[in-house]
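What you see below is based on every heavy atom in this structure, not just the backbone, and it leaves out hydrogens, waters and symmetry mates.
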Amino acid sequence: MLMEGDPFTLIEGMIIAGIAVGATEGLIYVRSEYPHAIDVLNQAIVIANENKVLGDSVLGSGFKFNLEVRVGAGSYVCGEETAMLESLEGKRGMVRAKPPIPALVGLFGKPTVINNVMTLAAVPMILADGAASYQSFGVDRSRGTQVFQLAGNILRGGIVELPFGITLGDLVNKVGGGTHSGRPIKTVQIGGPLGAYLGVESWDVPMGYESLAEVGGMLGHGGIVVFDDTVNMAKQARFAMEFCAEESCGKCTPCRIGSTRGVEVIDRIVAGEEQAKNLELLEDLCEVMTDGSLCAMGGLTPLPVRSALKLFPADFGIKVEVK
Amino acid sequence: MTLLSDPRGTMPMRSGIGEADYGTPKSNSDVMVSVTIDGETHLVPEGTSVMRAAGESGCDIPKLCATDSLQPFGSCRMCIVEIDGRRGTPASCTTPVEDGMVVRTQTTKVARLRKNVMELYISDHPLDCLTCSANGDCELQDMAGVAGLREVRYGMDGKNHLDAPTDASNPYFSFDESKCIVCNRCVRACDEVQGTLALTIEGRGFNSKVSPGGLNFLSSECVSCGACVQACPTATLQEKSVIDLGMPTRTVQTTCAYCGVGCSFNAELRGDELVRMVPTKTGGANEGHSCVKGRFAWGYASHSDRITKPMLREKITDEWREVSWDEAIQYTATKLKAIQEKYGDNSIGGISSSRCTNEEIFVVQKMVRAAFGNNNIDTCARVCHSPTGFGLKNTLGESAGTQTFASVADADVVIVMGANPTEAHPVFGSRLKRRLREGAKLIVIDPRKIELVSSPHITADYHLPVRPGTNVTLLNALAHVVVNEGLEAREYIADRCDVAEFEKWVAFIGDERHSPENTETITGVSAADLRAAARLYATGGNGAIFYGFGVTEHSQGSTAVMGIANLAMLTGNIGRDGVGVNPLRGQNNVQGSCDMGSFPHELPGYRHISDKATRDLFEGEWGVTLDSEPGLRIPNMFDAALDGEFKGLYCQGEDIAQSDPNTQHVEAALRSIECLVVQDIFLNETAKFAHVFLPGASFLEKDGTFTNAERRISRVRKVMPPLSGKADWEGTMALANALGCKMEYSHPSDIMDEIARLTPTFNGVSYDRLEQLGSIQWPCNDSTPEGTPIMHVDQFVRGKGFFAMTEYVATTERANRKFPLLLTTGRILSQYNVGAQTRRTDNSEWHGEDLIEIHPHDAEERGINHGDWVGINSRVGDTVLRADVTDRVKPGVVYTTFHHPVSGANVITTDNSDWATNCPEYKVTAVQLSKVTQPSNWQARQKSFDKQQQGLLKDARH
């Protein structure tokens, strides 16, 4: 939405960031699945160059800043900042170990600042209207606005920008209109395919980083996927592992091998094979992926799995108690 | 607090009998930080990883993807620890120590995580430990043990790679994909250590697999250096010798017998059966790396062609007769004495082997001087780096390179001239590439587009494709630019060089006739490039020059070496790390054979035979009077033989019939010799003209020392008894005694003690000292008791550096209408020099024949296509090779290698040689090429002569 509809906000934010940290080159890494955004951004950059907003002297200030769009190639893990750097360098999108952090050793070894689109796009507004103005929105430490993406089995799907603080229930039911199918909501997943599932008991939770984390959820990029009561949560948990296996860069063992094993173990649980043993194994696997993975790809995969297990054990056909 | 410079307490983690591995590279920082590991506090250099700090303190953290030759990677997740004040369980390999850090390496949590990680690994790994070739030397096995893995709850029926195929295409190692744990150590070793970047990971996630670029290993860019095999923690990349034989049980440290890099190796054996050669991390020259030859091509030592019994024959058309050592020695002594009776004292001589040990060479020159009574002793340095000896002695004061190989890590601008290190000095080539990848600049001066000009991640900043024979002009032009543009290091020169000579030289070099613009048509190098290269070397920081036979093997070889020394002094680039003048010595011990005075005009330590004080010293020790007149050089020996004045020759480990120029001349000379004694391990080309054959010992069969291009004296240690019953020095000693010169050495250390007594630069060298220090770079004496890594630090050895005049004199070997092309020669990675050793190993899979490289333009003019048989004619001879049409050479220049006797490369090279040292001008021969349909006459004769001689040998050895 932002890149397609208001690219100059992002460009302005990046120029400001560049000047602030002393960078003269900026890159926008856009997924290949967003051709409109790529096209619009490129056009906007041409316009900005023509108007000397980008180039050797930004608006005659003497500061140099150049911007380019770079297109991904369908890899989810290249959204991880260091895998993205590898991709930009023309290499396999594999995660780098930290330290050193990109701010010290980043793209082609140079100090590099990395932020997502929403963060950078908020900068012009904050500088123009003042910090207090930005802070006047939101709750607790989650200040400002968030662009929520309402998707899945939802009546009014789409993108809506709102201050932090709106409750999950209001967001899904009032703004989103509840399910598209009309059936009751069983669960929502917030924060993308590696986010936790929450149940209707969490409707009163205000949307914010800390408040969601308190109930075991994750805001992530603010995406919400809605499921009605026909969803099979065991399949969803399996999907989380499958997704990880598909997108894993393959560098670290917990993610590379663990995600494949995760699918197999969930299948056994669902098939009723040695459930207690396999549930313990799954929990051990979730622990090693959470604590042992090199990045959040493997690190967060257990989040949807564990939350699904905890909230909806019946879907797994579990006949034993789940802790 | 304890300062960690040595490992303490328990032994650091190792698998099998290998060296300790601390997981991540050493930090070179001078700043120390403190870290508490499992309750004990230590000081380590800043930049040390937690893993290494733990390892050095005797506390090993489990690891799989970390190894101390490579940068940390963070993939296996076994090395996780808990650090106070930090969330979670960070990997200790990628976590640098910070001052005051408190680390716990073994907690309930990390133990559980490690076990679960191992469980994942083993869920996709064959469970055949007991029959696996890595049994006993497998880090995966070790880690499963350390983690306490008892069961794999995932079962073995899930997705796995157990059926993955094995790639056994490489003759020396195989790649069994089913055992791969995707730790990436092989890929990283090929990138970081070797610099070839032949390996990658194909696919992603669970489908990740190691791939040599989508081909098999043999067809890929892999150069078979074995770094990946060494880095591999499992049986995935494994030496075929280990697969076939089993695990070694003991190690003996020794030194490679191939090139002048002199890599240090651990020979790993069972009993006296060599299983594999593993480069040592403590080797000063190689620090844990090697090339295909040193690591894998040692099979020649036990090849069936090995001659193990002395042999005699009266005429070279006779069959060989196997005899005892005593009979052979007596026969030889009698014959040589008789020849001296008949033709005079000067009618016999010796050629020492620059592949034999220092002790053996010393004994040969001693025999010639004390037993033959003359100075007719020479060595192969004659044909390779004798100009280095002359040139550097005159300008700097010592005939040797000035640096260590490690010093290139501090260079900012590197000049590589007339050398092809990625082929001929591969381990140095890898060091150089590593530094270039870090940003150092490169100037390549070579008629050919060698690999360094352009290869993965390496691009030379300047390639100056100099026309063969015009090196001096080019060097003069470079110096001219520096002087002309005021870029010289004035203070350095004023302080350290002979200023009067310098001024004379400046007047000479400043003349416009030396300018790049005026020399462009002579050298064929663009003036703009030459000027830019000169500026870069003079102003780019630490400048280091590396040069090889493309500088020395010319009629003005010595002049060119002096030109190089001039440039280095001119820009202040001698006397510290990162700079210097570095001759890339060819043979494993050619530096040694020069040091040992294996020259007609010099005693050991480069002291002229005419110097009475030196002669007195030796006469005192040896109890004989020495001839004060310089003797015959090798080319002089041939001439004297044809003149009927030189009739007896003792030739140790040197195949002059194949490696010296103008083969037909050499062959005629050899036929004139009445008693030719060859001491070698195989029946080489020279032995086909011999009357006495003394079986030699390979480097595995004797004790001694080699000296590499860094002046580094390293131990050679016997791992098996000599096949012939005698080490080479024992054979020479027997002959010397039979000739009346008493030698009673019981061990090579006795010989080294004598060398140390007689040679000031070796005063402090002894086998005990070598044990203590590992290796010693001479000079080693009271003023430098631990040796001398960098030379000329405070001042030049001769006192003030001398700027020699380097007027260009064109070689008489010029291209003309009859012979319009210029032939130059070189080497290839897999074969070594005349190929005596490497042709008898599996290395022949890579280079089965020598080819002639010809530019497409020249080829087209002659109707020559790729793969055609081409006749190559020079004014002395002709031969036939197959064509390799390529633009690696420029128009007007052709190139070949000389690894196979039948190629006859030296049939066409001429007698032209360096004015000062007679080093043959191998690198410039005027030739004409034409398409032919059959081998040359010489080649036909060579084939039939070879057949005849092989037949005479076969009948002798039942």
Side-chain angles (χ1 to χ4, degrees), chain A residues 74-78 82-83 91-101 109 241-265 267-268 273-274 277-295 297-299, chain B residues 47 49 64-66 71-80 82 87-91 93-96 98 109-110 112-125 151-155 157-161 181-184 187 191 200-209 438-439:
Chain A
S75 163
Y76 176 84
V77 75
C78 284
T82 62
K91 300 177 185 160
R92 297 179 70 243
M94 238 173 34
V95 175
R96 294 178 188 173
K98 292 186 281 209
I101 53 172
M241 285 291 185
E242 242 185 330
F243 177 74
C244 180
E246 174 66 32
E247 300 289 343
S248 167
C249 78
K251 177 164 172 176
C252 80
T253 313
C255 178
R256 178 180 76 249
I257 306 182
S259 51
T260 297
R261 295 292 170 244
V263 171
E264 292 163 5
V265 173
D267 280 348
R268 279 187 219 128
E273 284 172 38
E274 294 187 284
K277 194 168 167 232
N278 278 310
L279 280 165
E280 193 187 321
L281 178 56
L282 183 60
E283 178 46 41
D284 276 355
L285 177 59
C286 285
E287 186 195 18
V288 78
M289 286 179 77
T290 303
D291 294 333
S293 294
L294 179 58
C295 81
M297 177 86 245
Chain B
S49 69
L64 277 172
C65 71
Q71 293 301 312
F73 195 54
S75 111
C76 68
R77 317 314 290 168
M78 283 297 287
C79 70
I80 49 182
E82 291 197 42
R87 283 178 22 180
T89 47
C93 62
T94 51
T95 305
E98 276 174 38
K109 176 135 177 122
V110 303
R112 189 169 64 245
L113 289 175
R114 287 181 193 147
K115 194 166 171 177
N116 288 330
V117 167
M118 283 315 301
E119 192 177 27
L120 285 171
Y121 268 123
I122 306 303
S123 74
D124 182 18
H125 196 84
E151 55 172 344
V152 178
R153 296 167 291 171
Y154 300 101
D157 296 330
K159 261 179 96 166
N160 62 58
H161 296 94
I181 58 171
V182 204
C183 66
N184 278 243
V187 177
D191 287 3
T200 185
I201 304 286
E202 243 180 64
R204 73 169 183 224
F206 197 78
N207 299 324
S208 299
K209 59 178 221 159
E438 287 173 6

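- With a 4.5 angstrom heavy-atom cutoff, A/R96 does not touch chain B via any of its atoms.
- For chain B, the nearby part of A/M94 is the side chain; its heavy atoms alone come within less than 4.5 Å.
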Test side-chain contact (heavy atoms from CB on, under 4.5 Å) applied to B/K159 and A/V263, step by step
CA-CA 10 Å; B/K159 261 179 96 166; A/V263 171; over 6 Å; no
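- The shortest non-hydrogen separation linking A/P254 to B/R77 is CD-CG, 3.5 Å.
- Looking at A/R268, its side chain does come within 3.5 Å of a backbone N or O of B/Y154 through a donor-acceptor pair.
- For A/E246, the parts sitting under 4.5 Å from any heavy atom of chain B are the backbone and the side chain alike.
- For chain B, the option among A/E264, A/R261, A/E247 with the highest count of heavy-atom pairs below 4.5 Å is A/R261.
- Considering every non-hydrogen atom in both B/L120 and A/G258, the closest pair reads CD2-CA, 3.7 Å.
- We find the CD-CG distance between B/E119 and A/D284 to be 7.0 Å, quoted to the nearest 0.5 Å.
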Exercise for review: Tell me, with the steps shown, if B/T200 and A/R92 meet side-chain contact (heavy atoms from CB on, under 4.5 Å).
Suggested key: CA-CA 9 Å; B/T200 185; A/R92 297 179 70 243; 4.1 Å; yes
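- Heavy atoms closer than 4.5 Å to chain A are found nowhere in B/K115, neither backbone nor side chain.
- Between A/K251 atom NZ and B/C183 atom SG the span is 11.5 Å, to the nearest 0.5 Å.
- In this structure, the side chain of A/T253 does not engage the main chain of B/Y121 through any donor-acceptor pair within 3.5 Å.
- Proximity to chain A is absent for every atom of B/L64, based on heavy atoms less than 4.5 angstrom apart.
- Taking each heavy atom of A/L294 and B/G74 in turn, the nearest pair found is CD1-O, 3.6 Å.
- The residues A/E287 and B/R112 are annotated as salt-bridged, a charged nitrogen and a carboxylate oxygen being separated by less than 4.0 angstrom.
- Of the two parts of A/V288, the backbone and the side chain both hold a non-hydrogen atom closer than 4.5 Å to a non-hydrogen atom of chain B.
- Side-chain N/O atoms of B/S208 and A/R256 include no donor and acceptor closer than 3.5 Å.
- Residues that satisfy the side-chain contact (heavy atoms from CB on, under 4.5 Å) test with A/S75, not counting sequence neighbours, are A/V77, A/C78, B/R204.
- With a 4.5 Å cut-off on non-hydrogen atoms, B/D124 touches chain A through its backbone and its side chain both.
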